[in-house]
There are 2 protein chains.
Amino acid sequence: MPSRRADPVTVEVVELIGDVVARYHMEYEEAAARHQLTGAQAKVLTLLSLEPLPMRRIAQKLRCEPSNVTGIIDRLETRGLVERRPDPADRRVKLAAPTEEGAETAERLRESLDFAREPLAGLTSEERTALRDLLRRMLG
Amino acid sequence: MPSRRADPVTVEVVELIGDVVARYHMEYEEAAARHQLTGAQAKVLTLLSLEPLPMRRIAQKLRCEPSNVTGIIDRLETRGLVERRPDPADRRVKLAAPTEEGAETAERLRESLDFAREPLAGLTSEERTALRDLLRRMLG
DNA sequence: TATTGTTATACTCTATAACTATA
DNA sequence: TATAGTTATAGAGTATAACAATA
């Protein structure tokens, strides 16, 4: 039960992280919307652009129930961005994979996702490295 | 159009921030769920625990349409955590305010929201200060 | 029997548009 | 007329439970 009173610096860091989270989400949703995608759809399309995945694996990555993935993939498939392929090794499995258009959309999405790239540009190279090391240590 | 290729350190910092965001959200939703609240309900209850607000102001803070706030407050009110009060200065306005139970719930929620407090404990005082300064500069 | 994906259902959050009561 | 809040509606994401096909 880590409910000890935190020191002022820790409190401020937590608040700043809250600001970062809010800003990240806003920019992510906006970037997705620019491509007529919801946040969840953008996330899945980005995942699949790295490698095709079984529905089950997508649910695990999203930390949601598999039944939800059906709808998300349905909507991406309707738009021609994703397709379902059989898995030769297991006929129960369906592999979701981006179409050519889906891959292009994922690439444009990645390019337009500049979160923290611009704000980070205001830091010196040494500061960015220091930030990286601190975040690494924080995340364990 | 800031689509210049980012240096490797920047890319890694962006990824780390993505990890922080994911973890923050997971822990926030879990803390809310422990009190039978959704993320949106927890956010609103926390806002109102600082000061009662007109419906319109809540929508602005949440960056959503005012019509959505009606439902969120409805559900909090049904559970006896929030109440709507008239605004003496403008009879069109309704002020949402936590009940006593709502205030207690908000307080317990705050205590259980230990995100980054534990991970931050692994850093030295100097490191936390450095992290604070870097995040401040990053957020401008 | 166990697993994969789907369907059916219900709830929450979301935006849009139309409505009401005030101002 | 303009503003605050609500209602009505529709779409998306979520969890739960039950189901078919396959392992």
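The model shown is predicted, which means the values in this text are computed figures rather than measured ones. Throughout, a chain's letter reflects where its sequence line sits, starting with A, and its residues are numbered from 1.
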Worksheet entry | Nearest-neighbour nucleotide for the B:Glu65 side chain, D:dG5, C:dT16, C:dT14 considered |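 Nucleotide nearest to B:Glu65's side chain: C:dT16.
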Fill in: Nucleotide of D:dA15, D:dG13, C:dC13 approaching A:Gln41 most closely (side-chain heavy atoms)
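Nearest nucleotide to the side chain: D:dG13.
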To the nearest Å, how far apart are [X] [atom1] and [N] [atom2]?
{"X": "B:Asn68", "N": "C:dC13", "atom1": "CG", "atom2": "P", "answer": "9 Å"}
{"X": "A:Leu95", "N": "C:dT4", "atom1": "CG", "atom2": "C1'", "answer": "12 Å"}
{"X": "A:Arg85", "N": "C:dG5", "atom1": "CZ", "atom2": "P", "answer": "15 Å"}
{"X": "B:Glu30", "N": "D:dA15", "atom1": "CD", "atom2": "P", "answer": "12 Å"}
{"X": "A:Gln36", "N": "D:dG11", "atom1": "CD", "atom2": "P", "answer": "17 Å"}
{"X": "B:Arg57", "N": "D:dG5", "atom1": "CZ", "atom2": "C1'", "answer": "16 Å"}
{"X": "A:Lys61", "N": "D:dG13", "atom1": "NZ", "atom2": "P", "answer": "19 Å"}
{"X": "B:Met55", "N": "D:dT3", "atom1": "CE", "atom2": "P", "answer": "19 Å"}

Worksheet entry | Qualifying salt bridge (charged side-chain N to carboxylate O under 4.0 Å, His left out) pairs, either residue in residues 72-85 of chain A, two or more places apart |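 Residue pairs with at least one partner in residues 72-85 of chain A: A:Asp74-A:Arg84, A:Glu77-A:Arg84, A:Glu83-A:Arg85.
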For [N] and [X] - does any side-chain N or O of the residue sit under 4.0 Å from the phosphate oxygens OP1/OP2?
{"X": "B:Arg63", "N": "C:dT14", "value": "no"}
{"X": "A:Lys94", "N": "C:dT6", "value": "yes"}
{"X": "B:Thr38", "N": "C:dC13", "value": "yes"}
{"X": "B:Arg84", "N": "D:dT6", "value": "yes"}

Worksheet entry | Main-chain N/O of A:Ala31 paired to A:Ser112 side chain as donor or acceptor, under 3.5 Å |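 Answer holds: no.
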Worksheet item: Under 3.5 Å, side chain of A:Arg128 to main-chain N/O of A:Leu123, donor-acceptor pair present?
Response: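 Yes, A:Arg128 side chain to A:Leu123 backbone: donor-acceptor pair under 3.5 Å.
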Worksheet item: Hey, are A:Glu107 and A:Arg110 close enough for a salt bridge, meaning a charged N less than 4.0 Å from a carboxylate O?
Response: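 Judged by the 4.0 Å cut-off on N to carboxylate O distance, A:Glu107 and A:Arg110 do form a salt bridge.
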Item to complete: Select from A:Cys64 and B:Val93 the residue whose nearest nucleotide in DNA chain D is closer to the 5' end of that strand.
Response: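 Counting from the 5' end, the first nearest nucleotide belongs to B:Val93.
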Worksheet item: Looking at A:Pro98 and A:Leu45, what are the two nearest heavy atoms and their distance?
Response: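 Scanning both residues, the minimum pair turns out to be CB-CD1, 4.4 Å.
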Fill in: Partner of A:Leu53 by side chain to side chain contact (heavy atoms under 4.5 Å, CB included), out of A:Leu95, A:Leu48, A:Val69
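So, applying the side chain to side chain contact (heavy atoms under 4.5 Å, CB included) to A:Leu53 and each of A:Leu95, A:Leu48, A:Val69, only A:Leu48 qualifies.
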Within the sub-3.5 Å range, which N or O atoms of nucleotides 20-23 of chain C have a protein N or O partner, and how far apart are they?
from   : atom 1 : to      : atom 2 : distance (Å)
C:dA23 : OP1    : B:Arg91 : N      : 3.0

Fill in: Qualifying residues under side chain to side chain contact (heavy atoms under 4.5 Å, CB included), relative to B:Glu30, sequence neighbours excluded
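With neighbours one apart ignored, the set is B:Met26, B:Arg34.
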Practice prompt. Examine the base of D:dT16 for any acceptor or donor lying under 3.5 Å from a partner atom in the side chain of A:Ser67, and report the outcome as yes or no.
Written response: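 In this structure, the two groups form a donor-acceptor pair.
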